[in-house]
Amino acid sequence: MKVLVAHASRYGATQAIAERIADKLTEAGHEAQARPVEAVADLAGYQAFVIGSAVYFGKWLKEGTDFVRRNRASLAAGQPVWLFSSGPLGTQTTGANGRGVRAGAEPAEIAEFRESIHPGHHRVFLGALDPGKLGFRDRLIKALPAGRTLLPEGDFRAWAEIDTWANEIAHELAQAPIGRRAGEPTE
Ligand SMILES: Cc1cc2nc3c(=O)[nH]c(=O)nc-3n(C[C@H](O)[C@H](O)[C@H](O)COP(=O)(O)O)c2cc1C
């Protein structure tokens, strides 16, 4: 199946996750392409979609949100769609509010996207932060006391978990008749 893995990434961490997912789908026999959202003019020709964005200040990057909103009609048309976010940093699993770090990191737009395009799943993956790559504004924020606490540097991406998710998608795609959402009954 021809699968688009579209990504919105500021410093490359999310792009690498998207490329890894596309590689795993390709290994499983699908024709998967990872593309920055800005480079995707048209969804025609793809039979399934995986869309991911980095999270900044609790939200998807604007280009990722704009991509979903702009293509809402096509994405809601019945072909399978999965979403992922790359965000939380560090090794703590519970935040200061007692909620799971990942549950608490679900970006604001996901509720809207669940309503508008009915994705199969949304998954939050741990992210990566390399202070040497940060732009001026993000470097200032990282240098604040709260930034030092909440934005630890390092690469926390859990590749085995990302591979497992990609393999689950490959499996669901192999089961799904074209034009029908994965998991939907055939009758
Ligand atoms: C200034 C700044 C703000 C961030 N805000 C959040 C946030 O609100 N929630 C979150 O989960 N991660 C946040 N992060 C972490 C990033 O989402 C993470 O580093 C991500 O993997 C970066 O992906 P990218 O390299 O593709 O842009 C923030 C990082 C920076 C530098």
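As the structure lists them, so they are numbered: ligands from 1, and atoms in each ligand from 1.
Of the listed options Ser85, Gly127, Gly87, Ser9, Gly87 places a heavy atom closest to atom 15 (C) of ligand 1.
Contacts between Leu151 and ligand 1 below 4.0 angstrom, taking non-hydrogen atoms only, involve the side chain exclusively. Counting heavy atoms closer than 4.0 Å to ligand 1, residue Pro88 contributes atoms from both its backbone and its side chain. Counting heavy atoms closer than 4.0 Å to ligand 1, residue Leu89 contributes side-chain atoms (C-beta onward) but none from N, CA, C or O.
Nearest protein heavy-atom contact of atom 17 (O) of ligand 1 is Val55 O, 2.5 Å. Residue, atom and distance of the protein heavy atom nearest to atom 22 (C) of ligand 1 are Tyr56 OH, 3.4 Å. Summary of contacts: the protein heavy atom closest to atom 19 (O) of ligand 1 is Ala128 O, 2.8 Å. The closest protein non-hydrogen atom to atom 20 (C) of ligand 1 is Ser86 OG, 3.5 Å. Distance from atom 5 (N) of ligand 1 to its nearest protein heavy atom, with residue and atom name: Phe57 N, 3.1 Å. Of the protein's non-hydrogen atoms, the one nearest atom 25 (O) of ligand 1 is Ala13 N, 2.9 Å.
Remark: the His121 side chain and the Glu172 side chain contain an N/O donor-acceptor pair separated by less than 3.5 Å.
Taking a cut-off of under 4.0 Å to the non-hydrogen atoms of Thr14, the atoms of ligand 1 that pass are 23 (O), 24 (P), 26 (O). Taking a cut-off of under 4.0 Å to the non-hydrogen atoms of Gly58, the atoms of ligand 1 that pass are 7 (C), 8 (O). With ligand atoms numbered from 1 in the order given, ligand 1 contributes 24 (P), 26 (O), 27 (O) to contacts under 4.0 Å with heavy atoms of Arg10. Close approach to Leu129 involves these atoms of ligand 1, each under 4.0 Å from a residue heavy atom: 31 (C).
Shown here for Arg35 and Val40, the closest heavy-atom pair between the two residues is CB-CG2, 3.7 Å. Taking both residues in full, the closest heavy atoms of Arg157 and Ala13 are given as NH1-O, 3.1 Å, listed atom of the first, atom of the second, then distance.
For Lys59, the NZ atom sits in a loose shell: 12 or fewer heavy atoms of surrounding residues, nucleotides or ligands are nearer than 6.0 Å. Annotation: Arg72, atom CZ; neighbour count of heavy atoms from other residues, nucleotides and ligands within 6.0 Å does not exceed 12.
Because its NZ or CZ atom is both nearer than 6.0 Å to the ring centre of Tyr56 and within 45° of the ring axis, Arg10 counts as a cation-pi partner of that residue. Judged by the 6.0 Å and 45° rule, Lys2 forms a cation-pi pair with Tyr46.
A distance-only check finds no donor-acceptor pair linking the side chain of His30 to the backbone of Thr26 [under 3.5 Å]. Distance alone, capped at 3.5 Å, places no donor-acceptor pair between the Asp138 side chain and the Leu134 backbone.
Using the six-membered ring where Trp is involved, Trp165 and Phe125 have ring planes that are perpendicular, over 60° apart on the 30 and 60° scheme.
Looking at ligand 1, you won't find any N or O of Asp138 less than 3.5 Å from one of its N or O atoms.
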